[in-house]
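This report refers to the structure that appears directly beneath it.
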Number of protein chains: 2
Amino acid sequence: MGRTRAFDRDTALERALDEFWRHGYEATSIATLTAAMGINPPSLYAAFGDKRKLFTEAVRRYQETHGAFSTRALAEEPTAREAVERLLREAAEVYSDATHPPGCLIVSAGVNTTDPQVIAELRGHRERAKQAIRDRIDHDIRSGRLPRDTDSGGLAAYYAAIIQGMSTQACDGCGRTDLVSVAALAMRAWPEEHPDPDATRSGSDGLGCTA
Amino acid sequence: MGRTRAFDRDTALERALDEFWRHGYEATSIATLTAAMGINPPSLYAAFGDKRKLFTEAVRRYQETHGAFSTRALAEEPTAREAVERLLREAAEVYSDATHPPGCLIVSAGVNTTDPQVIAELRGHRERAKQAIRDRIDHDIRSGRLPRDTDSGGLAAYYAAIIQGMSTQACDGCGRTDLVSVAALAMRAWPEEHPDPDATRSGSDGLGCTA
DNA sequence: GCATATCTGTAGTGATCGCTATACAATTGA
DNA sequence: TCAATTGTATAGCGATCACTACAGATATGC
């Protein structure tokens, strides 16, 4: 019972996501949020709790939509190389897509923020993404496709840096063409692979992998 | 004549630089600045004008000290490859040096800032740094060391992205070892070179270069 | 000593920050 | 129809923002 909500919560959340994406957490005020969402402060607080909870929810929405290409690329491609290659190529396209703000929300929205919880939240997402790349590389090391002495940690840090650099470049006005070029150049760092992985070592321990 | 200044302007500027470096332009308030500089607001405004002028002066100080390795590397090394290699290696060391804040002030201090002049100022510095890399590459293309079809713009965007990504990685807690590894991997994208540049083309137009 | 000039510390300006008390509108169940 | 419940709008809370008016302290030139 009670009065029905006069605005759509989902579209309001997407308006908030757009603001956070464009200006970051701290530089986005409640006033600009309510203006973009078309509601008044009490409605915002009733529907989302407070600014930080709204931000967390916007980040989740971002990861489920614009940022979902990352986990998809790592999960769907047959090899780590193809996964990272697709990851970079799609990042180049998403970051320079003019239908939404440039760059990556996870990379940029928490920079220069005083709230330590927000900093930790986004840093956690970045570290998890880097770890996901490393896990995918380790998988191909175990399967024998990549050399046993491959430094998966260094390689993951490298591709994480590439992605974060591409985000910054996009925010500086870099277009799709240049970003795709950056992604292609970044793949030159990929180590030499064994074309037929399971033939290199007898009884590879990568057999049980299902991811 | 008049009362003498009770604080050292240079050390106060360096304290301000440290604050801007650590928290960015907007997240650094006049209150934290005056606390770090050991002075009161009127002294700050008398000595530096306002917050934005103090920031601009801090950026200049940064470029003359911690950030000077960039222009030095591009100017002092004999080839573009060695210049960029040194640029990345020294960036890895400076960005992870624990004696000062992590990362690069030029890269991070203007993110999520509402003042468009501050955004434009730092973006200008980044674009100029990228252009300097491109110029150094073009120089080696003209001298014949690098292939004529080298995409200097894409290559410069790539190394600019690497540097910006290394800065973000450093801010996320990445240590010197990992950053050096990222820098080394990034050099794998460098194109094939002619070992003896002037022998490849008769009367190379790179002869008159002095930089 | 004294006028003048410059710096320093206190205190406070209007504006904006995130957030909310309060009153009113709108809907449901009885 | 009417109490109960929930959303909305106005208006304002204390805190902080960048910045400064003002008065007292300290220096120089005479």
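So that the names make sense, note that chain A is the first sequence line, chain B the second, and so on, each numbered from 1. As a basis for the values below, the full set of heavy atoms in this structure was taken, side chains included, without hydrogen atoms, waters or symmetry mates.
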Open item on the list: If I compare all heavy atoms of Leu122(B) with all of Gly110(B), which pair ends up nearest, and what's the gap?
Closed with: CD1-N, 3.2 Å
- [ ] Return the 5'-most residue of the pair Gly38(B), Glu26(A) with respect to DNA chain C, ranking by each residue's nearest nucleotide.
- [x] Gly38(B)
- [ ] Compare side-chain N and O positions of Ser29(B) against OP1 and OP2 of dC17(D) and report whether any pair is under 4.0 Å apart.
- [x] yes
Open item on the list: Can you tell whether the side chains of Asp18(B) and Arg22(B) come within less than 4.0 Å, N to carboxylate O?
Closed with: yes
Task: Touch class at under 4.0 angstrom, heavy-atom based, for Ala6(B) against every strand present - done: sugar-phosphate
Open item on the list: I need the CZ-P distance between Arg5(B) and dA5(C), as an integer number of Å.
Closed with: 18 Å
TODO: Of all the heavy-atom pairs spanning Cys174(B) and Lys130(A), show the shortest one and how long it is.
DONE: SG-NZ, 4.2 Å
Open item on the list: Minimum heavy-atom separation for Ala83(B) and Ala73(B), please, with both atom names.
Closed with: CB-O, 3.4 Å
TODO: Take the protein atom CG of Asp115(A) and the nucleotide atom C1' of dC17(C), then report the distance between them rounded to whole Å.
DONE: 14 Å
TODO: Report yes or no: do His139(A) and Arg136(A) form a side-chain donor-acceptor pair below 3.5 Å?
DONE: yes
- [ ] For Thr28(A), answer base if it contacts any base atom (sugar-phosphate contacts may also be present), sugar-phosphate if it contacts only those atoms, and nothing otherwise; contact means non-hydrogen atoms under 4.0 Å.
- [x] sugar-phosphate
Task: Sequence-aligned protein contact record of nucleotides 20-30 of chain C, with B where the base is within under 4.0 Å of a protein heavy atom and S where only the sugar-phosphate is - done: BB---BBBS--
Task: Nearest-Å distance for atom pair CD/P, residues Glu19(B) and dC17(D) - done: 12 Å
Task: Spacing of Leu33(A) atom CG relative to dT16(C) atom P, expressed in whole Å - done: 16 Å
- [ ] Measure from CG on Asp8(B) to C1' on dT8(C) and round the result to the nearest Å.
- [x] 17 Å
TODO: Let me know the distance between CZ of Phe7(B) and P of dT26(D), rounded to the nearest Å.
DONE: 17 Å
Open item on the list: Strictly by side-chain hydrogen bond (donor to acceptor under 3.5 Å, both in side chains), give each pair with a member in residues 104-116 of chain A just once, sequence neighbours left out.
Closed with: Glu26(A)-Thr114(A)
Task: Between dC19(D) (P) and Lys53(B) (NZ): distance, integer Å - done: 10 Å
TODO: Mind calculating the distance between OH (Tyr25(A)) and C1' (dC17(C)) to the nearest angstrom?
DONE: 11 Å
For residues 36-48 of chain A, dump all side-chain donor-acceptor pairs below 3.5 Å to protein atoms at least two apart in sequence or in another chain.
none

